[in-house]
Protein chains: 2
Amino acid sequence: MKMDAPCNSPRPEKLADLTGKLRAKSRKITGPRQAILEVLRQHRHPLTNKEILATLAAGNCDLATVYRSMHLLENMGMVKRFDFGDGVARFELLGEGEDGHHHHLICTECSAVVEIEECFPCALEQTIAASNGFKAITHKLEFFGICPQCQ
Amino acid sequence: MKMDAPCNSPRPEKLADLTGKLRAKSRKITGPRQAILEVLRQHRHPLTNKEILATLAAGNCDLATVYRSMHLLENMGMVKRFDFGDGVARFELLGEGEDGHHHHLICTECSAVVEIEECFPCALEQTIAASNGFKAITHKLEFFGICPQCQ
DNA sequence: ATCGCTGCAAAAATTTTGCAGGTAA
DNA sequence: TTACCTGCAAAATTTTTGCAGCGAT
């Protein structure tokens with residue numbers, strides 16, 4: 001089960017829309033950045049920086065540049081960071097106006113990833129915030145299990 | 001806000017009970033292991049391996065030994081690993097018969113930790129499992145916000 | 001007397017940073 | 001031209017592992 005290449009989610013933005021966001025913030029539109037954005041656009045799953053690098057056409061980009069680009073895109077709100085608890089960061093491109101808040105169901109055998117639409121704790125965040133005096137509450141939630149193919 | 005030293009959770013086991021579990025599995029009861037268990041027993045919060053080492057009485061234990069001990073205790077089900085998304089593993093001692101399934105509310109400013117008793121996704125795990133054909137489902141959930149003192 | 005455990009050191013793996021040169025604007 | 005960006009290399013962090021010797025049983 002690879003669940004990779006073609007994606008189920010909509011792909012609302014063209015590469016030009018993405019680079020436009022860079023331009024709007026006076027960031028330069030370079031070769032590596034375009035290539036990275038294109039990889040993210042075509043693989044709408046959480047990807048590690050190494051996976052992004054490996055997918056890049058001619059390997060014509062340094063790993064350090066991928067790290068720096070992901071920091072930039074994360075700060076610009078174009079990408080969301082996910083953490084599957086294995087000590088490696090993963091990134092997913094966000095659609096227009098999307099806040100990126102969703103969760104995943106991850107196979108512990110083959111690492112297949114299914115996106116989960118429902119977000120249960122969302123409605124209860126305010127309750128938790130109020131009863132503990134916290135503000136600006138967010139949460140991270142990921143599910144783990146064994147997918148049909150691996151059973 | 002440090003929320004450290006004294007703990008609100010019950011402390012149902014004495015050190016002898018913990019070492020007894022080691023003995024029951026033919027593991028040796030050594031100085032470092034007793035010291036580590038005592039630290040975990042007195043600080044019932046998720047602790048990093050470095051924090052455990054620093055809290056150890058005379059620093060008379062190697063960091064590699066802490067890592068190896070936490071692997072052992074995790075495999076024996078005496079300790080649960082938590083991941084706050086900052087790339088560092090944290091461990092918390094489990095009480096007798098406890099499965100350790102609970103979540104935390106973490107201050108993004110000062111790292112204060114509050115334990116959350118309720119587990120909302122638990123009831124819905126089966127639904128998610130069924131609709132995706134997954135088995136053996138678990139989840140990780142942590143909340144983040146700004147605590148009263150840091151606001 | 002075993003066999004497991006520890007300390008020390010080195011290695012792995014992920015991520016960050018310094019710097020000199022190159023490129024988009 | 002100017003400021004930003006890139007590649008390369010080195011460093012910083014977290015975690016794992018090899019190995020010789022010590023220690024619990």
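Reminder, nothing fancy here: chain letters follow the sequence lines and each chain counts from 1.
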Exercise for the section: Kindly indicate, with the supporting measurements, whether the criterion side chain to side chain donor-acceptor pair (under 3.5 Å) is fulfilled by B:His102 and B:Glu92. Expected result: CA-CA 11 Å; B:His102 62 269; B:Glu92 198 175 310; 3.2 Å; yes
Exercise for the section: To the nearest Å, give me how far apart CG (A:Leu56) and C1' (D:dG7) are. Expected result: 14 Å
Handout entry: Selection residues 77-89 of chain A - residue pairs positive for salt bridge (charged side-chain N to carboxylate O under 4.0 Å, His left out), sequence neighbours left out
Key = A:Glu74-A:Arg81, A:Asp86-A:Arg90
Fill in the blank from the handout: A:Asp62 atom CG is separated from D:dC5 atom C1', nearest whole Å, by 12 Å
Exercise for the section: Can you tell me the distance, in whole Å, between the CD atom of A:Glu51 and the C1' atom of C:dA13? Expected result: 15 Å
Handout entry: Degree of bending, the helix from C:dA1-D:dT25 to C:dA25-D:dT1 (end axes from five pairs; round to 10°)
Key = 30°
Practice task
To the nearest Å, give me how far apart CG (B:Leu53) and P (D:dT14) are.
Solution key: 13 Å
Problem - Atom pair distance, as rounded to whole Å: CG in B:Leu37 and P in C:dC5 - result: 13 Å
Exercise for the section: For B:Leu72 and C:dT6, give me the distance from atom CG to atom C1', rounded to whole Å. Expected result: 14 Å
Practice task
Under the side-chain contact (heavy atoms from CB on, under 4.5 Å) rule, collect the residues that match up with B:Ala130, sequence neighbours excluded.
Solution key: none
Practice task
Evaluate side chain to side chain contact (heavy atoms under 4.5 Å, CB included) for B:Phe91 paired with B:Thr48, printing each intermediate quantity in order.
Solution key: CA-CA 6 Å; B:Phe91 299 91; B:Thr48 67; over 6 Å; no
Exercise for the section: Could you check how far NZ of B:Lys25 sits from P of C:dG4, rounded to whole Å? Expected result: 16 Å
Completion exercise
In whole angstroms, the gap separating C1' of C:dC5 from CE of B:Met76 amounts to 15 Å
Practice task
Using a 4.0 Å cut-off on protein heavy atoms (strictly under), produce a 5'-to-3' string for nucleotides 15-25 of chain C with B for base contact, S for backbone-only sugar-phosphate contact, and - for none.
Solution key: BBBB-----BS
Exercise for the section: Please work out if A:Asp86 contacts a base, only the sugar-phosphate, or nothing of the nucleic acid, heavy-atom cut-off 4.0 Å. Expected result: nothing
Practice task
Over all heavy atoms of both residues, which pair between A:Met78 and A:Leu93 is shortest? Give the atoms and the distance, please.
Solution key: O-CD1, 3.4 Å
Problem - salt_bridge(A:Glu96, A:Lys21) N-O dist < 4.0 Å - result: yes
Problem - Residue pairs, two or more places apart or on separate chains, that pass side-chain hydrogen bond (donor to acceptor under 3.5 Å, both in side chains) and touch residues 125-137 of chain A - result: A:Glu125-A:His139
Exercise for the section: Examine the side chains of A:His43 and A:Glu38 and answer whether a donor and an acceptor come within less than 3.5 Å of each other. Expected result: no
Fill in the blank from the handout: With sequence neighbours left out, the residues meeting salt bridge (Lys or Arg N to Asp or Glu O under 4.0 Å) with A:Glu109 are none
